[in-house]
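First up is the structure itself, then whatever we jot down about it.
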Number of protein chains: 2
Amino acid sequence: MSGSGAPTASLPAEDPTGLQSFAVLLRRMNSEFNRIAQEFAQEQGLHLTDMQALIAILDADSDPDAAGEPMTPGRLRGQLNLTSGAVTACLDRLERAGHIRRVRDAGDRRVVHLHYAEAARGLARDYFRPLARSTDAARGRFSPEELEVVVRFLAEMNAELALLRRHSA
Amino acid sequence: MSGSGAPTASLPAEDPTGLQSFAVLLRRMNSEFNRIAQEFAQEQGLHLTDMQALIAILDADSDPDAAGEPMTPGRLRGQLNLTSGAVTACLDRLERAGHIRRVRDAGDRRVVHLHYAEAARGLARDYFRPLARSTDAARGRFSPEELEVVVRFLAEMNAELALLRRHSA
DNA sequence: TAAAGTATCTCAATGATTGAGAGATACTAG
DNA sequence: CTAGTATCTCTCAATCATTGAGATACTTTA
């Protein structure tokens, strides 16, 4: 610390539940997640983009919560912040590797629905298993009441972040 | 959900503090963070990689907690999972844009220390401000005792993730 | 001093991403 | 029903970040 400009400085982040603590913890968690994701993707010969796309497809396809509809290239484009060309290339790679199938929608034939192949499920499981184990290990150290608090916080946090998303759009 | 292989299936994630809920919440949070980071980077004409590098440099340079030492290309390489060429290119971009300076270490002259320029601080502030606001908004809805629980959970989670990192290395 | 080790950089090749535009299909109004 | 407009996906040449082997400069050990 060079004690530079900012008059708000010299807060040694001593408050363990202060904003600073949260910022540090959340940032670190994000970094770790990303590093793990990237490492796994690399091991599988995939790119981080491919991995993100695959997970988004799996989520949409198996989770009726998201929208009930399977993923489409267009939605992926928005969700991953890619251009159309990049989405096509990414899906080409995933399809060539046998992780997904493209299926023309019967109703609107401009639309392509993205379905995962069974192999992709295994891949996702392999990816999530260690993360799940870690999460479970952490969960195990808290009482049900405490877990409820944590879940509530995460939900609130997500709601705020979603808000932030719209705000800047 | 096609009710495939796994005998652990058919958990409709009804348990609001179950592992499933945590997985979904954490994953979503991670995605949002990444999307926000990427959008911001794009607005600034930077890449996500550059942004991550810049933050790592800022953290190391201003946070004595990390190591006391400023960041170096070598450490960045490990932290961001890049090759040497990519690190050099990334630092070239950041230096050209005036965000960082490269300074040869006096003691070991093979080593380059990375320091941020003042402009970079402003950039980081602009990046973190909305995130801080969101975090604060969420924080505001919890009692001090509850916040303590959340912080403890995040810390535990990070500890587990760090463990995971070593395990796979 | 020689040899081995370490930190960073160089550069040609690779390949993901961009971005404009084409092609195909859907809606909407005359 | 037809023309016109909007939407969804894909194509393709250009761009540019990344890779990876090696060069360079410095340090440490023998």
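Order of the sequence lines sets the chain letters (A, B, ...), proteins ahead of strands, with each chain counted from 1.
For A:H113 and D:dT9, the NE2 to C1' distance is 13 Å, given to the nearest whole Å. Atom pair B:E95:CD and C:dC9:C1' shows a separation of 13 Å (rounding to whole Å applied). C:dA7 atom P lies 12 Å from atom CZ of B:R104, rounded to whole Å. Separating the CG atom of B:L91 from the P atom of C:dC9 is a distance of 7 Å, rounded to the nearest angstrom. Here the C1' atom of nucleotide D:dT7 and the CG atom of A:D105 are 13 Å apart, to the nearest Å. Taking atom CG of A:D92 as the reference point, atom P of C:dG15 lies 15 Å away to the nearest angstrom.
Of all nucleotides listed (C:dT18, C:dT25, D:dC26), C:dT25 comes nearest to the side chain of A:D108. Closest approach to the A:H47 side chain among C:dA16, D:dC8, C:dT8 is made by C:dA16 (side chain taken as heavy atoms from C-beta onward). Checking D:dC8, D:dT18, D:dC10 against the side-chain heavy atoms of A:V112 singles out D:dC10 as nearest. Of the listed nucleotides (D:dG22, C:dG19, D:dT18), D:dT18 has the atom at the smallest distance from the side chain of B:T49.
A donor-acceptor pair under 3.5 Å is formed between the side chain of B:S21 and the backbone N or O of B:D15. Proximity of a side-chain donor or acceptor of B:R139 to a complementary backbone N or O of A:T17 within less than 3.5 Å is detected. The main-chain N or O of B:H115 is never found under 3.5 Å from a side-chain atom of B:R101 such that the two would form a donor-acceptor pair.
For D:dT9, neither phosphate oxygen OP1 nor OP2 lies less than 4.0 angstrom from any side-chain nitrogen or oxygen of A:R102. Considering only side-chain N and O atoms, A:R93 lies under 4.0 angstrom from the phosphate OP1 or OP2 of C:dT17. Between A:R77 and C:dG19 there is no side-chain polar atom (N or O) within less than 4.0 angstrom of OP1 or OP2.
Where B:T72 and B:A86 each meet DNA chain C at their nearest nucleotide, the meeting point lying more 5' is that of B:T72. Residue A:V87 is the one, among B:D50 and A:V87, whose nearest nucleotide of DNA chain D lies closer to the 5' end (criterion: closest heavy atom). Along DNA chain C, the nucleotide nearest B:S84 and the nucleotide nearest B:Q42 are compared for position; the residue whose nucleotide lies closer to the 5' end is B:S84.
Ionic pairing of B:E32 and B:R28 is not present here: no N-O contact between side-chain nitrogen and carboxylate oxygen is shorter than 4.0 angstrom.
Residue B:R102 qualifies as enclosed at atom CZ: its count of foreign heavy atoms under 6.0 Å is above 12.
Below the 3.5 angstrom threshold, one finds no donor paired with an acceptor across the side chain of B:R110 and the base of D:dT27.
Using a 4.0 Å heavy-atom criterion, one finds that A:G85 contacts the bases of the nucleic acid, with or without backbone contacts as well.
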